[in-house]
Number of protein chains: 2
Amino acid sequence: MSPKTGRRSRQGLESRLRIIEATFEIAAELGYAGTSIGKVSERSGLPASSVYWHFANKDELFAEVIQHSFDEWNASFADPVPPADQREQPDILRQNCRHLVASISSSPEFWRLGLMLALECQAVEPTARRRFLEIRRVVLERLADFWRAALPPPSQRQNPELPGRLARFTMATSDGIFVAAQAEGGGDLEALAELLADSLEALACRHG
Amino acid sequence: MSPKTGRRSRQGLESRLRIIEATFEIAAELGYAGTSIGKVSERSGLPASSVYWHFANKDELFAEVIQHSFDEWNASFADPVPPADQREQPDILRQNCRHLVASISSSPEFWRLGLMLALECQAVEPTARRRFLEIRRVVLERLADFWRAALPPPSQRQNPELPGRLARFTMATSDGIFVAAQAEGGGDLEALAELLADSLEALACRHG
DNA sequence: ATTATCTATAGATCTATAGATAATGC
DNA sequence: ATTATCTATAGATCTATAGATAATGC
């Protein structure tokens with residue numbers, strides 16, 4: 001039924017995806033400015049002109065790369081276990097903190113790309129930049145949802161801004177942990193993630 | 001006495017400094033890959049060949065830029081008020097947390113540059129990269145010193161690793177806050193800094 | 001003689017396009 | 001006729017150097 005089921009069209013979509021994935025891998029390490037169409041062409045195995053057949057320019061290529069990596073992350077991001085019983089709440093909260101940290105560090109490439117683009121804002125061109133900022137807002141919303149589900153309702157009634165603030169803190173601290181893991185070779189990612197879970201828990205309990 | 005006091009030599013040092021500062025400003029926004037000698041030349045007002053007279057290549061230019069920005073940050077970084085009295089400790093700890101956050105956010109350019117280079121590690125060439133990693137270790141040591149002075153001695157005897165862990169957490173969280181401030185336009189830097197101070201305090205108290 | 005700057009340019013790489021070629025859809 | 005890929009290349013920008021020029025130091 002769909003006009004896009006022929007062999008030729010399918011191969012076109014596959015090439016498009018290969019270009020997106022190649023760009024994604026390079027950009028997560030080198031950023032927007034460091035990612036050239038030549039490198040993308042080399043890694044994807046397609047000539048540079050094929051990149052321009054699938055995407056209008058570097059700006060739009062990046063906009064699609066951002067969208068694609070977000071879609072993948074979003075699909076793998078799990079919801080928290082809601083607090084069921086009043087008594088076991090501290091345990092569930094602690095468990096959900098670990099759970100959240102694990103979920104974030106399971107797709108580090110997406111976060112690395114976001115970090116690069118956030119910092120390189122002057123270098124990133126308009127379309128890609130707009131898309132990135134939209135996605136960042138959606139991720140924050142997703143994190144706030146997590147906290148709304150994970151925090152005990154009474155503490156939210158008392159302080160309605162708490163999930164939003166914790167969401168921003170979660171994002172900021174996760175960012176910092178990825179930077180540290182990157183700078184130190186990645187061996188200590190777990191120890192820092194542990195520390196993040198601790199501090200999220202400490203903050204959530206204190207304000208909750 | 002010094003052979004470097006003549007007008008000519010002094011002007012040479014001034015040009016060198018102008019190149020370093022121009023590179024620093026551009027690199028904090030665009031990263032290593034996005035900073036071209038052409039842009040440095042334009043912003044500093046000196047021709048590209050002058051850049052290569054003062055520095056062997058882009059790699060060494062960046063090594064010097066990193067060193068210079070660290071020296072400035074290090075000089076402006078203040079020591080904590082040590083805990084004097086047993087009773088007023090919580091207040092002093094809280095005060096020192098604010099103090100630390102303020103000190104870090106007073107020279108954001110240094111942190112921004114460090115963030116860019118940490119993430120772009122594949123793009124940054126050997127000399128600059130080695131210098132950057134050294135400096136990062138020194139900064140961590142400086143933060144650990146801060147916590148050794150700021151935390152009450154008994155809690156340190158009980159948990160000797162605490163200052164080091166808090167130092168790494170301080171660095172990670174500061175990094176995250178700069179990313180957030182950058183992505184969101186900078187208006188909310190203060191609110192996040194507040195949140196960071198809160199969490200440092202919560203962690204320090206809990207583990208202390 | 002040394003130090004610093006300038007003009008000019010080599011050679012590599014970058015973004016992007018033109019236009020030929022080949023495979024599918026109708 | 002449409003979709004996708006290829007070769008080839010234009011024109012800009014990039015890192016880096018050669019070599020002339022001018023100001024200081026001795």
Side-chain angles (χ1 to χ4, degrees), chain A residues 1-23 26-27 30-65 120 122-129, chain B residues 1-20 22-23 26-27 29-65 120 122-129:
Chain A
M1 310 300 165
S2 161
K4 296 269 181 181
T5 44
R7 192 195 304 169
R8 189 74 183 157
S9 294
R10 200 168 54 240
Q11 208 203 328
L13 288 178
E14 270 169 29
S15 292
R16 190 188 139 94
L17 190 61
R18 253 168 57 210
I19 291 166
I20 286 180
E21 283 170 351
T23 309
I26 298 167
L30 304 181
Y32 186 93
T35 302
S36 70
I37 305 297
K39 288 191 190 112
V40 170
S41 163
E42 193 184 10
R43 184 174 296 213
S44 69
L46 290 161
S49 54
S50 285
V51 176
Y52 284 98
W53 191 87
H54 288 282
F55 306 93
N57 50 38
K58 189 176 168 181
D59 189 17
E60 283 201 9
L61 167 59
F62 265 78
E64 295 298 302
V65 167
E120 264 189 316
Q122 294 275 29
V124 182
E125 290 170 88
T127 309
R129 179 160 166 68
Chain B
M1 308 300 167
S2 160
K4 295 269 180 179
T5 43
R7 192 194 304 168
R8 189 72 181 160
S9 295
R10 199 167 53 240
Q11 207 203 329
L13 288 179
E14 270 169 28
S15 293
R16 190 188 139 92
L17 191 60
R18 252 168 56 209
I19 292 166
I20 286 181
T23 309
I26 298 167
E29 290 185 347
L30 304 180
Y32 186 91
T35 303
S36 71
I37 305 297
K39 287 191 191 112
V40 170
S41 163
E42 193 184 9
R43 185 174 294 212
S44 69
L46 289 160
S49 55
S50 284
V51 175
Y52 284 98
W53 192 88
H54 287 282
F55 306 94
N57 49 39
K58 189 176 167 179
D59 189 16
E60 284 202 8
L61 166 61
F62 265 78
E64 295 298 302
V65 166
E120 262 190 316
Q122 294 275 30
V124 182
E125 290 171 87
T127 309
R129 179 160 166 66

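Below, chains carry the letters A, B, ... as their sequence lines are ordered, and counting in each starts from 1.
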**Protein-nucleotide distance (A/R16, atom CZ; D/dT3, atom C1'), rounded to Å** = 14 Å
**Message:** Less than 4.0 angstrom between a side-chain N/O of B/S50 and OP1 or OP2 of C/dC6, yes or no?
**Reply:** yes
**Asked** Roughly, in whole Å, what's the span from NE2 in A/H54 to P in D/dA4?
**Response** 6 Å
**Request:** Compare all side-chain heavy atoms of A/I37 with those of A/L61 and state whether any distance is below 4.5 angstrom.
**Result:** yes
**Request:** Report the distance from atom CD1 of B/I19 to atom C1' of C/dT5, rounded to the nearest whole Å.
**Result:** 10 Å
**Message:** My understanding is that a pair needs two contacts under 3.5 Å, Watson-Crick or G-U wobble. By that rule, which nucleotide pairs with D/dG19?
**Reply:** C/dC6
**Request:** Using atom CZ of B/F55 as one end and atom P of C/dA4 as the other, report the distance to the nearest whole Å.
**Result:** 12 Å
**Test item: A/F55 and A/R16 side chains (from C-beta on) under 4.5 Å apart, heavy atoms** = yes
**Asked** Is it true that a side-chain atom of B/E120 and a backbone atom of B/Y32 form a donor plus acceptor pair closer than 3.5 Å?
**Response** yes
**Fill in**
Between CG of A/L17 and P of D/dA4 the distance, given in whole Å, is 14 Å
**Request:** Report yes if a side-chain nitrogen or oxygen of A/Y52 is closer than 4.0 Å to either non-bridging phosphate oxygen (OP1 or OP2) of C/dT17; otherwise report no.
**Result:** no
**Fill in**
Here the distance between atom P of C/dC14 and atom CD1 of A/I26, to the nearest Å, is 10 Å
**Complementary nucleotide of C/dT24, counting Watson-Crick and G-U pairs under 3.5 Å** = D/dA1
**Request:** Spell out yes or no: do the side chain of A/S49 and the base of D/dT7 have one donor N/O and one acceptor N/O closer than 3.5 Å?
**Result:** yes
**Prompt:** Side chains of A/V51 and A/L46: does their closest heavy-atom pair fall under 4.5 Å?
**Reply:** no
**Request:** Using atom CH2 of B/W53 as one end and atom P of C/dT5 as the other, report the distance to the nearest whole Å.
**Result:** 7 Å
**Item:** B/I20 backbone acceptor or donor facing B/E64 side chain under 3.5 Å
**Value:** no
**Message:** If we ignore hydrogens and angles and just use 3.5 Å, is the side chain of B/K58 paired with the main-chain N or O of B/E125 as donor and acceptor?
**Reply:** no
**Prompt:** What integer distance in Å separates A/L61:CG from C/dA16:C1'?
**Reply:** 13 Å
**Asked** Where along residues 31-47 of chain A does a heavy atom come under 4.0 Å from DNA chain D, residue by residue in number order?
**Response** A/L46, A/P47
**Inter-residue atom distance A/T23.OG1 - A/K39.NZ, 0.5 Å rounding** = 12.0 Å
